Amino acid sequence: MTLHLSPNTPAGGIPALPPEELAARQARVDALNARYRHHGATAVLEGALRDPEAGRIAMVSSFGAESVALLHLVAVVDRTTPVLFIDTRLLFAETLEYQLEVSERLRLSDVRVIRTDEALLQSRDPYGALRFSDQDACCALRKTFPLEQALAGFDGWITGRKRYQSKTRAGLEFFELEEETGRIKVNPMAHWAPEDIGAYMDENRLPRHPLVAQGYPSIGCAPCTSKVAPGEDPRAGRWRGEDKVECGIHFVNGEAVREGQSQ
């Protein structure tokens, strides 16, 4: 399924929830964390997808370097789970091919390819050059806004974020409230280390993204992703040489932070 979405809300235009509603949703999140605190990723996913407290949940996946592990977990629990894949129209051809391969192999039955409407892209980025003058605006146009619209019908979403990935994620819980939208974010692999992911992929014989073997341990849009040399940080190839490390689909402390880590 392909959805062409055009943002009709400016940045920062998400309506604020009343304090009492936010408090009620935070209480739900606290209850979920207490209930599943000592469980593993599979139990957390089962809780997210079946527990009435979690509501209606989708998964957001970039089909990037590590994505297949979480996609496999979701397929094991419920392969009918909606999976949202944002095609920015600037992705590597290998990522698009990998998305089709993994979706078919795992028999995911509700993968939704999300794209910003072509007419909107033509009006705001007619030559595909916006990334040269304003990378944040490019990410917002091609990724953040369409994702926000695609998630409009859901109470929460599953992410592939992990504690080891950055300082802002060091205290990541399985469930968290995104105060700006009121949605619950589910982080089943929050406590996993890189070796856990590699071992899981090996044990389940999951296909690797073809670009990983070519020197791309973190994969985003083709124009903004470069190879990483031995010894470099795995994310050194994302927006190389720029003061940018995130793409904007997550909120931290009230700000839409630019998180580019593969989901």
Side-chain angles (χ1 to χ4, degrees), residues 36 38-50 54 57-87 91-92 94-113 147 156-166 168-170 172-176 184-220 225 228 233-235 237-238 247 249-250 259-263:
Y36 296 99
H38 302 295
H39 290 71
T42 301
V44 170
L45 270 176
E46 290 174 342
L49 295 172
R50 299 170 185 171
I57 302 290
M59 178 183 180
V60 177
S61 179
S62 66
F63 285 80
E66 298 176 346
S67 300
V68 71
L70 182 54
L71 286 162
H72 182 266
L73 280 171
V74 169
V76 169
V77 175
D78 184 356
R79 59 174 40 93
T80 69
T81 301
V83 177
L84 310 183
F85 169 64
I86 307 171
D87 179 5
L91 298 177
F92 288 95
E94 289 88 343
T95 296
L96 299 177
E97 294 168 2
Y98 185 63
Q99 182 264 311
L100 293 174
E101 176 191 358
V102 170
S103 297
E104 181 177 353
R105 178 150 175 187
L106 299 182
R107 292 186 291 156
L108 299 168
S109 63
D110 191 3
V111 177
R112 307 180 188 187
V113 181
L147 176 61
W157 50 300
I158 300 163
T159 89
R161 295 184 306 153
K162 306 160 195 75
R163 289 187 171 190
Y164 76 83
Q165 290 171 329
S166 69
T168 60
R169 302 179 182 183
L172 199 64
E173 299 282 2
F174 286 136
F175 298 88
E176 60 181 320
I184 294 175
K185 284 197 291 193
V186 187
N187 311 303
M189 303 173 76
H191 302 283
W192 285 35
E195 52 269 26
D196 298 324
I197 299 166
Y200 184 88
M201 293 168 71
D202 288 340
E203 290 168 4
N204 291 282
R205 300 181 180 179
L206 300 176
R208 262 56 170 186
H209 193 299
L211 290 179
V212 172
Q214 298 179 36
Y216 295 87
S218 180
I219 304 161
T225 306
V228 174
D233 183 278
R235 290 181 44 74
R238 303 296 294 277
C247 73
I249 65 171
H250 297 282
E259 294 192 300
Q261 179 69 30
S262 297
Q263 300 298 317

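Computed from a predicted model, the values in this text were never measured in an experiment. Residues take their numbers from the sequence shown, with the count starting at 1.
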- Task: Step by step, work out the side chain to side chain contact (heavy atoms under 4.5 Å, CB included) result for Glu173 and Asn187.
- Result: CA-CA 7 Å; Glu173 299 282 2; Asn187 311 303; 5.9 Å; no
- Message: For a side chain to side chain contact (heavy atoms under 4.5 Å, CB included) check, start with the C-alpha distance between Ile158 and Leu49, then their side-chain angles and the critical distance, and finish with the verdict.
- Response: CA-CA 9 Å; Ile158 300 163; Leu49 295 172; 4.1 Å; yes
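Across every non-hydrogen atom of Ser61 and Ser67, the tightest pair is OG-CB, 3.6 Å. Shortest non-hydrogen contact noted between Ala48 and Phe175 is CB-CE2, 4.1 Å. In terms of heavy-atom proximity, His209 sits nearest to Thr95 at NE2-OG1, 2.9 Å.
For the atom pair CZ (Phe85) and CG (Leu147), the distance works out to 12.5 Å, reported to the nearest 0.5 Å. Of the inter-residue distances, the one linking His72 atom NE2 with Leu108 atom CG reads 10.0 Å to the nearest 0.5 angstrom. Interatomic distance, CZ of Arg163 versus NE2 of His191, reported as 4.5 Å (0.5 Å rounding). For the atom pair Gln214 CD and Glu94 CD, the distance stands at 6.0 Å (nearest 0.5 Å).
For Arg208, the side chain to side chain donor-acceptor pair (under 3.5 Å) criterion is met by Asp202, not counting sequence neighbours. The side-chain contact (heavy atoms from CB on, under 4.5 Å) search around Ala69 returns Met189, Ile197, Tyr200, Met201, not counting sequence neighbours. Qualifying side-chain contact (heavy atoms from CB on, under 4.5 Å) partners for Glu101, counting only residues two or more places apart in sequence or in other chains: Tyr98, Pro207. When the side chain to side chain donor-acceptor pair (under 3.5 Å) test is applied to Thr225, no partner is found at least two apart in sequence or on another chain. With sequence neighbours excluded, the residues satisfying side chain to side chain donor-acceptor pair (under 3.5 Å) with Asp78 are Thr80. Annotation: side chain to side chain donor-acceptor pair (under 3.5 Å) contacts of Ser103 (sequence neighbours excluded): Gln99.
Heavy atoms of other residues, nucleotides or ligands lying less than 6.0 angstrom from CD of Glu195 number more than 12.
Judged by distance alone, the side chain of Arg79 and the main-chain N or O of Leu106 form a donor-acceptor pair under 3.5 Å.
Exactly one of Val111, Val60, Ile57, Asp110 qualifies for a side-chain contact (heavy atoms from CB on, under 4.5 Å) with Pro82. That residue is Asp110.
Between Leu206 and Val102 there is no side-chain heavy-atom pair separated by less than 4.5 Å. For the pair Pro188/Leu70, a side-chain contact is recorded, criterion being any heavy-atom separation below 4.5 Å from C-beta on. Thr159 places none of its side-chain heavy atoms less than 4.5 Å from the side chain of Met59. Side-chain contact check for Ile219 versus Phe63: every heavy-atom pair is 4.5 Å or farther apart. Inter-residue side-chain proximity for Val186 and Ile184 is flagged as met; some heavy-atom pair is nearer than 4.5 Å.
Using a 30° and 60° split on the angle between ring planes, Tyr216 and Phe92 fall in the perpendicular class, above 60°.
Checked against a 6.0 Å centroid threshold, the rings of Phe174 and His39 do not count as neighbours.
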